[in-house]
Trainee: 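One structure, pasted below without further comment.
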There are 4 protein chains.
Amino acid sequence: MPKHPDPARRSERSRQAILDAARELVSEVGYAKVSIEAIAARAGVGKQTIYRWWRSKGAVIFDAFLALSEADEGGMALPDTGDIEADLKTVMRATVAEFADPAFEGPIRALTTEIINDPGLAAQYRERLAAPVDEVKKARLRSAQQAGQLAADLDLGVALELLYAPLFQRWIYRSGPLTPDYADTLVDLFLKATRP
Amino acid sequence: MPKHPDPARRSERSRQAILDAARELVSEVGYAKVSIEAIAARAGVGKQTIYRWWRSKGAVIFDAFLALSEADEGGMALPDTGDIEADLKTVMRATVAEFADPAFEGPIRALTTEIINDPGLAAQYRERLAAPVDEVKKARLRSAQQAGQLAADLDLGVALELLYAPLFQRWIYRSGPLTPDYADTLVDLFLKATRP
Amino acid sequence: MPKHPDPARRSERSRQAILDAARELVSEVGYAKVSIEAIAARAGVGKQTIYRWWRSKGAVIFDAFLALSEADEGGMALPDTGDIEADLKTVMRATVAEFADPAFEGPIRALTTEIINDPGLAAQYRERLAAPVDEVKKARLRSAQQAGQLAADLDLGVALELLYAPLFQRWIYRSGPLTPDYADTLVDLFLKATRP
Amino acid sequence: MPKHPDPARRSERSRQAILDAARELVSEVGYAKVSIEAIAARAGVGKQTIYRWWRSKGAVIFDAFLALSEADEGGMALPDTGDIEADLKTVMRATVAEFADPAFEGPIRALTTEIINDPGLAAQYRERLAAPVDEVKKARLRSAQQAGQLAADLDLGVALELLYAPLFQRWIYRSGPLTPDYADTLVDLFLKATRP
DNA sequence: CAGTAAGCGAGACGGTACGTCCTGTCTTAGT
DNA sequence: ACTAAGACAGGACGTACCGTCTCGCTTACTG
């Protein structure tokens, strides 16, 4: 049985220093070149303190960004003008812009890399990062559904996949440009596929 | 000026030994734990010989799997019974099964990891692995298009994304089961989105 | 002012457990590989309890063996048949045998290592371990002196050095065999050097 | 079978840098506080290069001092005025002074520590450091023997032990002062024990 | 006879060093 | 010229301990 340290004795100051250092280092040198040694040194912390509480470099960095995103969780909401097409295009154009933003690239590619190879991290990602965001998106779709703009029997989970996955895949493989036009195209196809 | 080695003098025997060793090691210990040293040792080759011809571990392993897949490139074709729905469901169910196959997992996740972080590898992937396969798929869609089963103005590249990306995303994030039903659902949505 | 803990409150049970654990560990893994952490763990004791009462690993282990040897201090006496040559040969042969005993080796080499590098430990060694034993030996020599078998002006401390140091040095450097013959040779030389 | 690296490929420049760094560090911070990491850093050498050629810190430092002492091996000779008592007193007083010299202490205590616990090192010490020196001393004794000043059947190895070991033991245990008088006393006892 | 201060087991902490592994470069011999 | 072999400087790995530092708990003295 793996022994877990007692969380009650955990030093909050060290935890914060580690997460901060991890974030800084990732943005300075890139995910791949971050080492646990460097995080420990930057945080002014013994390496053991990292190994005591995280299983891997990926887990630390994941936590670092998780903590970041959980901070600004509150004020998330999608526009709801009643016009589902207009609203989705607004949102998808914003998403496309976000994916095209170079500052966004590094950490997210790194994160995705880790998630691909670590099922545990994937589960955490889904539950703590993706799920809350998806829930907000589903709320907007549900509203449209009740307004009769989307098929009543539409599975909203699958719907989100249909809408977002093409964009995601194109971003991963860099297999095409991420433009507002592309966002519109995806919304058009999505609406055609999901209308009553 | 970087000196490029003379490809004419390249030892074919060493090249093969390296690619074989790379393939074996990936399946034995997993992508992350494969090292260039280990490949060299297994192949009975000097490390320099690897560094001379490849830029990174990722490039070697990519080449190793590329060579493998280029071997059986010839006989690829999709069913064309005239019934686009049936044909797509057949293909998508097969694809779903392939993604769910554990033997398929390791190497592909590793490959995807590399592709995410290396634009050069991504380009190679698209051109040498994805493009030929996509062409075959597009041929089937074009046939349906000409039969009036799909919208005439449909962009086939986008179409492929719409069809396959949801599956791909679900596989990456392990965010849902990969079942025949799911394949059917995707085909249904796809056909609804793309019909004339 | 360095604060000294109050010896009155010292837990005898912990003290014993620590000394026992130290002894066990030394004989199990050898002096060099014993750590204070291991002693504490084995003794079921907090590390601080060791640091509170001892200055170093060496001090603990020294104490452990000291306690051991002080236990059987009583019944020590050298043979006195009146024949100093025979008596010394008996004793020296026994000493040679003791040094050649593998079970004796490990701890004593370890102890000597510590003593060489720690003057404080050396002093303790001389006063608490060597002195009592030397006193017994000197008593026998004094008896011989009074019987006119040894020079009246012989310094008994130097005499003991002359008798035992060659053996000790040979043992340290492993520079020659430790045999009964060797013991006899040393006694012969000693007696020649010290007779009236 | 332990694999030994090929000595032919060994870098002489690295070897020298390591031995120099080892010597410097020992005299700067003392044997116990020297680490292999520090030697490597000071020498501008990878740790692996040290581990490749030496088994332990002790072995490196031993080699460092060995190399040093082998440098000035040539001009060693003991005085031979024909008066063995005067000559030995000269030599022993010098030896006593050497042992009492604080600059001499550190490294030699450290060396002795290592030798005690490592039979391999002890063998090297005897063969490469002690033996040549002992040979010179034996030569002087042999000369006295031939002049009829020492017993003809005296074993010169044992003789050296008788002469030097008491001093050595007193130095190790710090069990008495190292003075010229003490040197004289030892010579007197030695000559009494070994005269014809 | 409570109150309090010590010693105690436990173990997290900032650190240092360990010995191993691998990287990418360089050198030597052998085709 | 290219190769197999492998030494090299460098640096990160994950582990083991160091000696210090809280934590609550128990125990024994004291007011």
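Letters go in sequence order (proteins before strands), and every chain restarts at 1.
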Trainee: Which is more 5' along DNA chain E, the nucleotide nearest S56(B) or the one nearest A40(A)? Just name the residue.
Mentor: A40(A)
Trainee: To the side chain of S35(D), which of dC22(E), dT20(F), dC18(E) is closest?
Mentor: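 Of the candidates, dC18(E) comes closest.
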Trainee: Counting side-chain heavy atoms from C-beta on, which of dA12(E), dC22(E), dT20(F) comes nearest to R9(A)?
Mentor: dA12(E)
Trainee: Closest approach to the side chain of Q48(B), judged atom by atom: which nucleotide of dC26(E), dG14(F), dC18(E) is it?
Mentor: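 Nearest to the side-chain atoms of Q48(B), counting from C-beta on, is dC26(E).
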Trainee: Looking at dA4(F), I'd like to know if its phosphate oxygens (OP1 or OP2) sit under 4.0 Å from a side-chain N or O belonging to T49(B).
Mentor: yes
Trainee: Determine the contact category for R10(C): base if any of its heavy atoms lies under 4.0 Å from a base atom, sugar-phosphate if only primed atoms, P, OP1 or OP2 are that close, otherwise nothing.
Mentor: sugar-phosphate
Trainee: Closest to the W53(B) side chain: dT3(F), dT23(E), dG7(E)?
Mentor: dT3(F)
Trainee: Please determine whether a side-chain nitrogen or oxygen atom of S14(B) lies at a distance below 4.0 Å from atom OP1 or OP2 of dA4(F).
Mentor: yes
Trainee: When you get a sec, tell me which of dG14(F), dC8(E), dC18(F) is the closest nucleotide to the side chain of R52(C)?
Mentor: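 Shortest atom-to-atom distance from the side chain points to dC8(E).
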Trainee: When the nearest nucleotide of DNA chain E is assigned to K57(B) and to K33(D) on a heavy-atom basis, which residue is associated with the more 5' position?
Mentor: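 Upstream on the strand: K33(D).
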Trainee: Would you kindly say whether Y125(A) and E114(A) are connected by a side-chain donor-acceptor distance under 3.5 Å?
Mentor: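 No, no side-chain donor-acceptor pair sits under 3.5 Å.
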Trainee: Using atom NZ of K47(D) as one end and atom C1' of dC8(F) as the other, report the distance to the nearest whole Å.
Mentor: 16 Å
Trainee: Are side-chain N/O atoms of R128(D) and Q124(D) paired as donor and acceptor at under 3.5 Å?
Mentor: yes
Trainee: Within 45° of the six-membered ring axis of W53(D) and under 6.0 Å from that ring's centre, is NZ or CZ of R10(D) located there?
Mentor: yes
Trainee: Between Y51(C) and G46(B), which is nearer to the 5' end of DNA chain F once each is assigned its nearest nucleotide?
Mentor: G46(B)
Trainee: For E37(A), is there an ion pair with K57(A) - N to carboxylate O distance below 4.0 angstrom?
Mentor: no
Trainee: Does atom CZ of R55(B) have more than 12 heavy-atom neighbours, drawn from other residues, nucleotides or ligands, at distances under 6.0 Å?
Mentor: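 Not more than 12 within 6.0 Å, no.
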Trainee: State which of dC8(F), dA9(F), dC18(E) makes the closest approach to the side chain of E37(D).
Mentor: dC18(E)
Trainee: Report the nucleotide, chosen from dG19(E), dG19(F), dG14(E), that has the shortest atom-to-atom distance to any side-chain atom of I36(D).
Mentor: dG19(E)
